[in-house]
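Since we're looking at a predicted model, the values are computed, not measured. Start at 1 and go down the list; that is how both ligands and their atoms are numbered.
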Amino acid sequence: MSIPALRPVLPASLARAENLPSIPAVAVEVLSLTQNEECTLDQLVRVIERDPALTAKLLKLSNSSLFGVGQEVSTLKRATVVLGMKTVRLMSLSFSLASSLPRAGEGFDFPGYWRRSLVAAVAGRSLALLVGSRHADEAFLCGLLSHIGQLALARCMAGEYGGVLELAAGRWPTLELEERVLGYSSADVAEVLLRDWHLPELIRVPVAYLHRPGQIPADAREDTRRVARLMAVTALVVSVLCDAEQGDAYRKLYELGERTFALDAPRMDAFLIGLEPGIRETASLLNVELPGGLDHSEIIDRARLQLVHATLGATADLRMAEIRADELFLRNKELLVRATRDKLTGLPNRAAFDEVLAREAERRLKGGPRCLGLIMLDIDRFKVFNDTHGHRAGDAVLTAVGKVLARLTRRSDLAARYGGEEFALILPATTPAQLGLVAERVRSAIEAEPIAFEGKSLRVTASFGGACLERAGSAADGARLLEAADACLYAAKNKGRNRSEISGKMLRFG
Ligand code: GH3
Ligand code: MG
Ligand code: MG
């Protein structure tokens with residue numbers, strides 16, 4: 001079929017294309033019924049029932065956990081009553097479209113296409129429900145159609161689009177790349193195609209402006225803008241869950257989720273993990289085979305790590321610019337702290353600490369930027385304290401010590417809960433003498449800190465060990481710095497506790 005009203009930017013060859021995906025007959029009828037205010041439930045059911053496969057899928061959907069109506073639905077009419085006319089209309093449109101689009105072929109990543117479309121559909125719908133939007137079904141359809149422009153290009157302009165895919169080198173092509181090579185993007189194609197299919201603005205605009213929400217036409221309706229906001233977040237969810245390198249998308253998703261829907265990082269993570277069963281279920285409903293590697297919690301862990309690596313990795317070039325390096329350290333630290341916090345104290349946990357330590361050691365391969373200081377501290381006779389005052393009192397101590405550390409360290413330092421009753425500090429530019437001062441300052445503050453617990457005021461002390469690394473031979477030398485500090489801590493314990501021992505010898509490796 002041909003596309004009549006092509007925008008001038010699109011080449012004539014696309015307008016003449018014979019094999020553009022066409023909209024299936026049932027979908028056309030459902031759509032025209034949608035536009036008819038008078039349409040009755042019976043009319044809708046009659047149209048859908050003409051396609052037995054579609055009917056079966058809608059029934060399966062009504063009984064799936066995705067819709068979870070809690071009662072067996074065995075007729076289409078019942079489904080229409082239980083799910084509502086709008087849902088049945090939009091879902092039948094979604095399913096009939098999905099069944100008419102190609103599943104496999106040469107020269108295009110069809111499994112990737114379907115995975116992205118499915119993730120977008122389920123994520124769009126779930127996000128809408130999460131934020132209380134009444135456009136969950138529209139978001140599902142938008143998601144399902146979110147990559148339709150790329151599919152159309154791969155089908156109709158295989159030669160030209162092949163060049164784009166080649167340049168993308170195995171990654172999913174971006175709109176920028178398409179524009180650079182073709183002079184227009186798959187989003188332009190999607191807009192034309194969806195217009196040709198007579199899909200309403202509420203679907204067409206969010207799909208066409210998925211990656212450029214800032215350019216939505218000024219006359220777009222408020223409803224449309226709302227769905228577009230949902231889909232902009234959804235597009236980032238797709239990048240995080242489907243792209244091989246998602247560090248940047250993950251950061252952007254957090255930012256946009258927070259800004260648009262006040263979703264904080266833990267809720268966003270829970271949302272991402274919660275999508276997994278729905279994606280699998282929808283895949284089976286739409287007969288789409290998903291590639292492996294869809295464990296969402298693993299993907300999130302990997303994304304976090306990539307985020308951290310991406311930012312920390314950037315520090316390597318800045319060895320000479322110490323101030324900028326310190327700023328980076330600060331930023332890295334803040335990113336990490338957000339990602340990996342110890343629940344009790346609110347401090348970064350051991351994983352975050354190990355990561356920063358390894359990266360900081362790496363920055364000191366062959367010397368520079370400045371001496372890296374590390375302090376370990378361990379609360380004295382904490383077992384006895386727990387046995388005497390109870391575990392909850394012990395927890396109050398850990399929280400209080402965490403607060404002292406947060407209060408007394410500079411923004412450029414990293415204070416972490418290393419494990420149990422042990423804490424660790426990384427001080428990026430500190431000599432042994434300065435390290436001794438810091439350790440003493442923290443030690444006396446802990447000793448002087450009254451810890452309020454159930455009407456009592458309790459006190460604890462801690463022992464400290466510290467060491468400095470001037471030059472590393474490998475990233476693993478961070479662990480050797482830790483060992484040196486730990487040996488000093490052991491000495492402080494042996495010398496009677498509530499004291500600090502700092503190694504006067506700067507460590508130099510490599
Ligand atoms: P030392 O002065 O030699 O360090 O003696 P210690 O008793 O502090 O050392 P030990 O390693 O024998 O005991 C550590 C105790 O810390 C044991 C454990 O019950 C307590 N502990 C570890 N993690 C937590 C926690 O999260 N909460 C509480 N309340 N106690 C904890
Ligand atoms: Mg201990
Ligand atoms: Mg102890």
Side-chain angles (χ1 to χ4, degrees), residues 266 333 336-358 372-409 413-427 435-469 478-503 507:
K333 196 194 81 175
L336 269 167
V337 169
R338 253 195 296 162
T340 47
R341 220 183 269 274
D342 166 54
K343 281 202 185 68
L344 183 64
T345 60
L347 293 178
N349 65 15
R350 176 168 177 175
F353 174 85
D354 286 344
E355 183 71 35
V356 172
L357 182 60
L372 175 65
L374 191 151
I375 293 175
M376 289 290 295
L377 70 103
D378 182 298
I379 300 172
D380 295 328
R381 307 216 189 279
F382 197 48
K383 193 174 174 327
V384 177
F385 185 96
N386 270 317
D387 293 346
T388 313
H389 302 286
H391 205 261
R392 283 200 308 114
D395 283 357
V397 167
L398 294 172
T399 310
V401 169
K403 281 195 183 135
V404 170
L405 291 180
R407 196 169 74 221
L408 290 186
T409 47
D413 302 332
L414 176 94
R417 181 171 181 202
Y418 192 70
E421 22 82 83
E422 289 172 24
F423 294 82
L425 303 176
I426 292 177
L427 304 108
L435 213 58
L437 290 175
V438 175
E440 273 307 303
R441 196 168 73 221
V442 178
R443 190 198 58 73
S444 56
I446 291 176
E447 186 180 27
E449 181 82 3
I451 295 151
F453 183 75
E454 293 182 348
K456 288 174 284 189
S457 178
L458 306 170
R459 278 176 204 271
V460 290
T461 62
S463 301
F464 293 71
C468 290
L469 173 72
R480 290 162 87 175
L481 173 64
L482 189 73
E483 276 169 28
D486 206 42
C488 287
L489 169 59
Y490 187 72
K493 291 273 184 193
N494 276 339
K495 287 182 183 171
R497 296 179 170 77
N498 190 21
R499 54 182 291 142
S500 56
E501 287 290 320
I502 307 295
S503 165
L507 296 176

* For the Mg ion (ligand 2), which N, O or S atom of Glu422 is at the shortest distance? -> OE2
Can you tell me the protein heavy atom closest to [atom] and the distance?
{"atom": "atom 24 (C) of ligand 1", "value": "Leu398 CD1, 3.9 Å"}
{"atom": "atom 14 (C) of ligand 1", "value": "Glu421 CD, 3.5 Å"}
{"atom": "atom 13 (O) of ligand 1", "value": "Lys383 CB, 3.8 Å"}
{"atom": "atom 23 (N) of ligand 1", "value": "Gly420 CA, 3.2 Å"}
{"atom": "atom 1 (P) of ligand 1", "value": "Lys493 NZ, 3.3 Å"}
{"atom": "atom 19 (O) of ligand 1", "value": "Asn386 ND2, 3.5 Å"}

* Asked: When only distance counts, is Val384 in polar contact with ligand 1, meaning an N/O pair under 3.5 Å?
  -> no
* Please check if atom NZ in Lys493 has more than 12 non-hydrogen atoms from other residues, nucleotides or ligands closer than 6.0 Å. => yes
* **Arg381 atom CZ, neighbour heavy-atom count above 12 within 6.0 Å** => no
* Structure fact -> In terms of heavy-atom contacts, Ala393 and Leu458 come closest through CB-CD1, 4.1 Å
[X] contact mode with ligand 1 (heavy-atom cut-off under 4.0 Å):
{"X": "Arg392", "value": "neither"}
{"X": "Asp395", "value": "both"}
{"X": "Ile379", "value": "backbone"}

Could you confirm whether [X] has any N/O/S atom lying under 2.8 Å from the Mg ion (ligand 3)?
{"X": "Asp378", "value": "yes"}
{"X": "Ile379", "value": "yes"}
{"X": "Glu421", "value": "yes"}

* To do: Please work out whether the ring planes of Phe382 and Phe385 are parallel, tilted or perpendicular, with thresholds of 30° and 60°.
  => parallel
* Find the distance between CG (Asp354) and CG (Leu482) and round it off to the nearest 0.5 Å. => 7.5 Å
* Structure fact -> Tested for side chain to side chain contact (heavy atoms under 4.5 Å, CB included) against Val460, the lone hit among Leu398, Asp380, Ile446 is Ile446
* Measure the distances from the heavy atoms of Arg417 to every atom of ligand 1 and state whether one is below 4.0 angstrom. => yes
* atom 10 (P) of ligand 1 touched by protein heavy atom at under 4.0 Å -> no
